[in-house]
Amino acid sequence: MQPDAQMQPLLMLPEILVFGGALVVLIGGSFLPRRRLWWTRVTAGAALAGAAIVAVVQLMGTDSTAFDATFSVDTATGVARIIAALGALLVVIVAGEEIGGSARESETYALLLCSTAGVLVLAGADDLLVLATGYLLAGIPLYALIGMVRSPRGAEAAMKAYLLGALSGILLLLGITVLYGITGATRYDDLAARLTDGPTAIIAAGLVSVLTGLMFEAGGVPAHFWIPDAAQGANGSTAMFLTTIPKIGALIALYRLATVLPDTVAWPLVVALFAVASMTLGNLAAFWQHDPRRLLGWSTVSQVGYLLVPVAVVGRSDLALPSLLFYLAGYTATNIAAFAVTTALPERREIGDYRGTARTHPWLAGALVVALLGLLGTPPAAVFVGKLTTASAAWDGGAAWLAVAVFINTLISLFYYLRWIVPTFTPAPAGLPSTDAPSARRWPTGVAVVTSGVSVAFGIAAGIIWN
C-alpha cells in the first residue's frame with residue numbers, strides 16, 4: 001500500500017540520517033581543530049547507530065514503498081540497512097585509532113557515510129534511475145578514500161578504481177538507457193509488464209551492461225581488477241569498508257532487478273557464469289599472494305561468486321533471498337574480523353611476518369583463525385551456513401551444477417587460507433616483526449575479537465534454526 005506523502009520521507013529515515021551525518025561531519029570538521037576532530041568520529045558513529053536502530057524498528061512493520069513506488073522498504077531493505085550501518089560503524093571504530101588526529105580524519109568519515117548512504121539507496125531501489133543514483137553515491141567516494149594514502153601504491157590503486165569505476169558506470173547507464181528505450185519505463189513493476197514483449201537481444205544487452213556495472217560495486221568479475229590493488233594500497237579501515245559494505249547494496253539491487261526480468265532472456269545463466277567466474281578466478285589468484293590484504297582482496301572476489309548463486313535462482317527457489325541475506329550478514333562480520341587483524345598489526349605486510357603471532361598476540365591469532373576458517377566455510381562459522389544455504393538454493397532451483405561449483409571452489413580455497421594460518425602458529429626466528437614489534441592496536445583488536453565471535457554465534461544460531 002502506498003503511504004501518505006507526509007510519511008514518505010520517514011520511510012527513508014535511515015538513509016537521511018546517514019547522509020545528513022555525512023554533511024554534519026564534513027562541515028563540522030572544517031571548523032574544528034585537529035585535536036578535536038574526534039567529535040566527527042562520534043557524530044559519524046551516532047548517525048550509523050541511529051540508522052541501524054530505525055531500520056530495526058521499520059523492519060518490524062509492514063512492507064511499504066516510497067516516492068511513487070521507486071523505493072521499497074521491505075525485509076531485504078531492512079536487513080541491508082542493519083548490516084551496512086553496523087558494518088560501517090565498526091569501520092569507523094577501527095579508523096578512529098588508525099587515522100585519529102590526522103589532517104583528513106573528518107573527510108574520511110564523511111566519505112564513509114556518503115558511500116554507506118549510497119549502499120542503502122541501492123538496496124532499496126525499485127527504479128532504474130534510483131539505482132543509478134545509489135550507484136554513483138556509493139561508488140564515487142571510494143576513489144577518494146583509496147587515495148587518502150599518499151603513496152605510489154595508493155595512487156595506483158585509486159587510479160585503477162577510478163578508471164574501472166568510470167567505465168562500469170558508463171556501462172550501467174548505457175544498460176539503463178537501453179532498457180528504458182525499449183519499455184519507456186524505469187520503475188521495476190512497469191518493467192516487469194513490458195519487458196516480456198521486447199526484443200530478446202536488446203534486453204540481453206541492457207541486462208549485461210547493468211550487471212557489469214553492479215559488479216564494480218560488488219567487486220566481482222568482470223569489474224574486479226581494482227579490488228586487490230585497493231585492498232593492498234589503501235589503509236586498513238578503507239580496505240575493510242570497500243571489500244565489505246558496497247557488496248550489500250549491489251547484490252540486493254541485482255536481486256531486485258532479477259525479479260522483474262522476463263523468462264525470454266537466459267539471465268539466470270548469465271548470472272551463474274559471472275558467479276562461477278568470480279569464485280574460480282578469485283580463488284586461483286589468491287594462491288600466489290604474499291601480502292595479507294591483497295590475499296583478502298582476491299578472497300573477496302571469490303566470495304562475490306558464492307553470493308551470486310542465490311541471485312541466479314531467483315523465482316525458482318524460496319531459499320534465494322534468505323540465503324543471500326544471511327550470507328551477506330555472515331560475510332560482513334567475518335571479513336571485517338580478518339581486516340581488523342591486519343589493521344591491528346599494520347607493520348606485517350607479508351604472510352611470513354605473522355610467524356609467532358599466536359605466542360605474542362593470542363587473541364588476535366584466535367580471531368584470525370576464526371575469520372579465515374569462516375571465510376573458507378568451516379562450521380560453525382556463519383559463512384558455512386551461508387554457503388550451505390546458497391548451495392541448497394541452487395540445488396532446489398534446478399542448478400545442481402552451481403552447487404557443485406560452490407563445493408569445488410570451497411575446497412580450492414582451503415590452500416591459501418591455510419598458507420596464512422600455519423605461520424601464525426609457527427615460532428618466529430629472532431628479528432622478525434612478531435618478536436620485536438610494538439603491541440597491537442587496541443580498537444582493531446577488539447573489533448577483530450568481537451566480530452569473529454559474532455560470526456561463530458551467527459553460525460551456531462542458524463544451525464539450530466536450520467535443524
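Atom set for the values below is all heavy atoms of this structure, side chains included, hydrogens, waters and symmetry mates excluded.
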(request) Please name all residues satisfying side chain to side chain contact (heavy atoms under 4.5 Å, CB included) with V121, sequence neighbours left out, ordered by chain then number. (result) E15, V130
(message) Quick check: do V341 and Y354 have side-chain heavy atoms less than 4.5 Å from each other?
(response) yes
(request) For residues I336 and T332, determine if any side-chain heavy atom of one lies less than 4.5 Å from a side-chain heavy atom of the other. (result) yes
(message) Keeping R316 on the side-chain end and A312 on the backbone end, is there a donor-acceptor pair under 3.5 Å?
(response) yes
(message) Evaluate F71 against D126 for side-chain contact (heavy atoms from CB on, under 4.5 Å), listing each step before the verdict.
(response) CA-CA 5 Å; F71 188 88; D126 240 349; 5.9 Å; no
(request) Using salt bridge (Lys or Arg N to Asp or Glu O under 4.0 Å) as the criterion, list what pairs up with R419, not counting sequence neighbours. (result) none
(request) Taking T389 for its side chain and V385 for its backbone only, find out whether a donor-acceptor pair lies under 3.5 Å. (result) yes
(request) Evaluate side-chain contact (heavy atoms from CB on, under 4.5 Å) for V383 paired with L376, printing each intermediate quantity in order. (result) CA-CA 8 Å; V383 174; L376 170 64; over 6 Å; no
(message) For the backbone of A405 and the side chain of N409, can you confirm whether one donor and one acceptor N or O come within less than 3.5 Å of each other?
(response) yes
(request) Please list, chain by chain and in numerical order, all residues satisfying side chain to side chain contact (heavy atoms under 4.5 Å, CB included) with A123, sequence neighbours excluded. (result) A80, I252
(request) Kindly indicate, with the supporting measurements, whether the criterion side-chain contact (heavy atoms from CB on, under 4.5 Å) is fulfilled by I227 and L242. (result) CA-CA 8 Å; I227 288 285; L242 62 88; 4.2 Å; yes
Donor-acceptor pairs under 3.5 angstrom involving side-chain atoms of residues 321-328: please list them, not counting sequence neighbours.
from, atom 1, to, atom 2, distance (Å)
S323, OG, L319, O, 2.7
S323, OG, A320, O, 2.9
Y327, OH, Q303, OE1, 2.7

(message) The criterion is salt bridge (Lys or Arg N to Asp or Glu O under 4.0 Å); which residues satisfy it with D318, sequence neighbours excluded?
(response) none
(request) Compare all side-chain heavy atoms of F216 with those of Y135 and state whether any distance is below 4.5 angstrom. (result) yes
(request) Check whether any side-chain heavy atom of F19 sits under 4.5 Å from a side-chain heavy atom of L120, and report yes or no. (result) no
(message) Nearest 0.5 angstrom please: L414 CG to L372 CG, how far?
(response) 11.5 Å
(message) Donor-acceptor pair, distance only, cut-off 3.5 Å: does the side chain of S102 make one with the backbone of I99?
(response) yes
(request) Considering non-hydrogen atoms only, spot the tightest contact between L137 and P141 and give its length. (result) O-CD, 3.1 Å
(message) Listing request: all side chain to side chain donor-acceptor pair (under 3.5 Å) pairs with a residue in residues 393-403, at least two apart in sequence or in separate chains.
(response) S317-D396
(message) Under the side chain to side chain donor-acceptor pair (under 3.5 Å) definition, can you give me all pairs with a residue in residues 219-237, not counting sequence neighbours?
(response) E98-S237, K160-D229, Q232-R294, N235-S237, N235-T238
(message) Tell me if a side-chain donor or acceptor on T280 pairs with a main-chain N or O of A277 at a distance below 3.5 Å.
(response) no
(message) Walk me through whether T259 and Y188 qualify under side-chain hydrogen bond (donor to acceptor under 3.5 Å, both in side chains).
(response) CA-CA 9 Å; T259 60; Y188 285 2; over 6 Å; no
(request) Tell me, with the steps shown, if D74 and R256 meet side-chain contact (heavy atoms from CB on, under 4.5 Å). (result) CA-CA 11 Å; D74 53 16; R256 291 190 189 281; 2.8 Å; yes
(request) With sequence neighbours excluded, tell me which residues meet side chain to side chain contact (heavy atoms under 4.5 Å, CB included) with A358. (result) A365, F425
(request) Taking all non-hydrogen atoms of both residues into account, name the closest pair between L364 and A448 and its distance. (result) CD2-CB, 4.2 Å
(message) Checking Y143 now: which residues fulfil ring pair (Phe, Tyr, Trp, His ring centres under 6.0 Å) with it, not counting sequence neighbours?
(response) Y162
(message) Could you tell me if the side chain of L307 sits less than 4.5 Å from the side chain of T390, heavy atoms only?
(response) no
(message) Rounded to the nearest 0.5 Å, what separates atom CE in M215 from atom CG in L308?
(response) 4.5 Å
(message) Test your reading of the model: is there a side-chain donor-acceptor pair from E97 to the backbone of R442, 3.5 Å cut-off?
(response) yes
(request) Mind listing the closest non-hydrogen atom pair of V313 and A394 along with its distance? (result) CG1-CA, 4.0 Å
(message) How close do L171 and S209 get, counting heavy atoms only, and between which atoms?
(response) O-CB, 3.2 Å
(message) The test is side-chain hydrogen bond (donor to acceptor under 3.5 Å, both in side chains); show your working for T244 and N335 and say whether it passes.
(response) CA-CA 7 Å; T244 308; N335 196 59; 2.8 Å; yes
(message) Could you work out, with salt bridge (Lys or Arg N to Asp or Glu O under 4.0 Å) as the rule, every residue matching R293, not counting sequence neighbours?
(response) none
(message) Can you confirm whether the side chains of Y331 and T300 place a donor and an acceptor under 3.5 Å from each other?
(response) yes
(request) Can you sort out the partners of A371 under side chain to side chain contact (heavy atoms under 4.5 Å, CB included), two or more places apart, ordered by chain and number? (result) T334, A337, A338
(message) Rounded to the nearest 0.5 Å, what separates atom CG in L173 from atom OG in S168?
(response) 11.0 Å
(request) Output yes when a side-chain donor or acceptor of T77 lies under 3.5 Å from a complementary backbone atom of S72, and no otherwise. (result) yes
(message) I need the single residue from V221, L269, T212, V304 that forms a side chain to side chain contact (heavy atoms under 4.5 Å, CB included) with F274. Which is it?
(response) T212
(message) Could you report the tightest heavy-atom contact between G29 and L37, atom names first, then the distance?
(response) O-CD2, 3.9 Å
(message) Checking the side chain of S302 only, and the main-chain atoms of M279 only, is there a donor and an acceptor separated by less than 3.5 Å?
(response) no
(request) Find out whether R41 and T108 are in side-chain contact, i.e. whether some heavy atom of one side chain is under 4.5 Å from a heavy atom of the other. (result) no
(message) Return the CE to CG distance between M240 and L112, rounded to the nearest 0.5 Å.
(response) 10.5 Å
(request) Check whether any side-chain heavy atom of Y306 sits under 4.5 Å from a side-chain heavy atom of T410, and report yes or no. (result) yes
(request) State whether E217 and K247 are salt-bridged, where the test is any N-O pair (Lys NZ or Arg NE/NH1/NH2 against Asp/Glu carboxylate O) under 4.0 Å. (result) no
(request) Measure the spacing between OH of Y417 and OG1 of T378 and express it to the nearest 0.5 Å. (result) 10.0 Å
(message) I need the L122 CG to L254 CG distance, nearest 0.5 Å.
(response) 11.0 Å
(request) Could you pull out the closest heavy-atom pair between S452 and V370, with the gap in Å? (result) O-CG1, 3.5 Å
(request) Would you indicate whether the side-chain heavy atoms of R349 and H290 approach each other to under 4.5 Å? (result) no
(message) Donor-acceptor pair, distance only, cut-off 3.5 Å: does the side chain of T342 make one with the backbone of F339?
(response) yes
Show every donor-acceptor pair shorter than 3.5 Å between a side-chain atom in residues 84-95 and any protein atom, with sequence neighbours excluded, or say none if there are none.
none

